[in-house]
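Written out below as structure tokens is the structure these notes cover.
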2 protein chains.
Amino acid sequence: MNKQNRQFSIKQIITHQVISNQDDLCQALGKAGFAVTQATLSRDMKELGIARVNTAAGHRYILHVESEERRLTSMIGYEIESIDANENMIVIKTLPGRAQGVAEIIDSVRHPAVLGTLAGDNTIFVTPSSVTKIPEIHKLLKNLMTQKKLDVG
Amino acid sequence: MNKQNRQFSIKQIITHQVISNQDDLCQALGKAGFAVTQATLSRDMKELGIARVNTAAGHRYILHVESEERRLTSMIGYEIESIDANENMIVIKTLPGRAQGVAEIIDSVRHPAVLGTLAGDNTIFVTPSSVTKIPEIHKLLKNLMTQKKLDVG
DNA sequence: AAAGAACTTGCATATTTATGCATAATCATG
DNA sequence: CATGATTATGCATAAATATGCAAGTTCTTT
């Protein structure tokens with residue numbers, strides 16, 4: 001009957017049952033022995049980082065994992081799918097819609113070998129100050145990808 | 001402006017601006033030249049698989065990657081107007097607003113010679129894994145243009 | 001080009017979620 | 001154990017989101 005158990009139960013329920021709104025969840029929790037109101041569930045959702053998405057199959061809740069640990073951890077590794085290069089530039093593939101944000105982080109490093117970045121929806125072109133710098137930048141970016149923290153202004 | 005451009009703009013806006021609700025988004029879109037109502041944005045959110053999450057820093061929107069639909073159209077040939085190349089990359093011109101969709105199809109082929117694509121409104125830059133691959137890609141794209149179906153995983 | 005189908009959007013409003021405030025429960029400290 | 005601080009919760013309602021319907025638009029087919 002405490003908050004922790006209830007919140008754990010919430011995660012279980014939303015991942016294993018069809019829950020379309022907080023009243024649904026309220027009922028499901030009731031069966032599990034947790035009697036709370038919708039207001040409390042709204043607050044639980046916030047604390048658990050649970051997001052609501054509207055799909056063709058109806059409204060669903062998803063765990064937004066990043067939101068729990070994002071505070072000091074950079075998302076950049078999670079967002080980048082690949083880093084490649086040819087003779088002229090480096091190309092980064094990201095999750096859909098993430099290229100802008102990742103490019104901003106790269107810009108913020110202000111590495112002298114990076115002339116500039118150009119971001120679309122899920123692709124970034126990184127232009128080196130000289131083609132001879134490409135391996136160096138490539139290495140920098142690979143490092144960023146696996147780094148846990150970034151001290152970026 | 002049309003729906004496709006607006007939805008692309010929505011993804012851009014929610015990933016690099018602070019947007020807390022659909023009215024915020026409505027205003028941001030207004031500045032970008034898209035005049036629509038909250039009702040339309042609610043529908044766009046659904047189609048784009050955008051979820052809303054409540055964090056300590058306020059309400060935010062996130063892209064729910066799995067729900068992004070990537071369907072292959074056999075219309076790619078119709079959408080492409082021209083394919084050209086210089087020493088470094090290939091440039092594709094499409095019908096207005098079609099570049100994003102065409103680029104996604106090219107990406108989905110995952111041809112090893114294609115390092116990445118970057119799409120604007122009606123122009124796509126295709127970067128080769130090496131400049132020596134340009135003729136090969138050029139040929140591939142020309143083939144795609146006339147092909148009826150794509151057998152792509 | 002006309003007719004019908006399919007898609008898009010706004011309006012009004014129903015549904016759903018978030019929150020200010022008050023109260024109860026839990027915790028920390030002497 | 002008493003007391004003040006912190007945390008948790010419900011109630012009522014404000015804020016935000018979703019949707020039925022109708023009108024306008026675009027696409028298809030003949």
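Scope of the values below: all heavy atoms of this structure, side chains included, with no hydrogens, waters or symmetry mates. In the text below, chain A, chain B and the rest are named by the order of the sequence lines, each starting its count at 1.
Separating the SG atom in A:C26 from the NZ atom in A:K31 is a distance of 12.0 Å, to the nearest 0.5 Å. Taking CD1 from A:I90 and CD1 from A:I137, the interatomic distance works out to 4.5 Å, rounded to the nearest 0.5 Å. The line from CG of B:L48 to CZ of B:R43 is 14.0 Å long, rounded to the nearest 0.5 Å. Note that CD1 of A:I14 is 10.5 Å distant from OG of A:S9, once rounded to the nearest 0.5 Å. In this structure, B:Q22 CD and B:H59 NE2 are separated by 12.0 Å, a value rounded to the nearest 0.5 Å.
For the pair A:Q4 CD and D:dT7 P, the interatomic distance rounds to 14 Å; values are reported in whole Å. Taking atom NZ of A:K3 as the reference point, atom P of C:dC27 lies 12 Å away to the nearest angstrom.
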List the steps, then state whether side chain to side chain contact (heavy atoms under 4.5 Å, CB included) holds for B:K11 with B:L63.
CA-CA 8 Å; B:K11 288 201 271 185; B:L63 288 168; 3.8 Å; yes
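Within a 6.0 Å sphere centred on NZ of B:K133, heavy atoms belonging to other residues, nucleotides or ligands number 12 at most. Annotation for B:Q27: atom CD does not count as buried by contact number, only 12 or fewer foreign heavy atoms lying within 6.0 Å.
Taking for each of A:S20 and B:V36 the nucleotide of DNA chain C with the nearest heavy atom, the 5'-most of the two is the partner of B:V36.
Residues B:R52 and B:R60 are not in side-chain contact: their nearest non-hydrogen atoms beyond the backbone lie 4.5 Å or more apart. Contact check for A:I10 versus A:L29: side-chain heavy atoms found under the 4.5 Å cut-off.
Within the 4.0 Å cut-off from OP1 or OP2 of C:dT17, at least one side-chain nitrogen or oxygen of A:Y61 is found.
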Using a cut-off of under 3.5 Å, enumerate the N/O to N/O pairs linking the protein to nucleotides 19-21 of chain C.
residue	atom	partner	partner atom	Å
C:dG20	O6	A:R43	NH2	2.8

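A heavy atom lying under 4.0 Å from DNA chain D marks none of the residues of residues 21-30 of chain A.
Fit an axis to the five pairs at each end of the helix from C:dA1-D:dT30 to C:dG30-D:dC1 and the two axes sit 50° apart, to the nearest 10 degrees.
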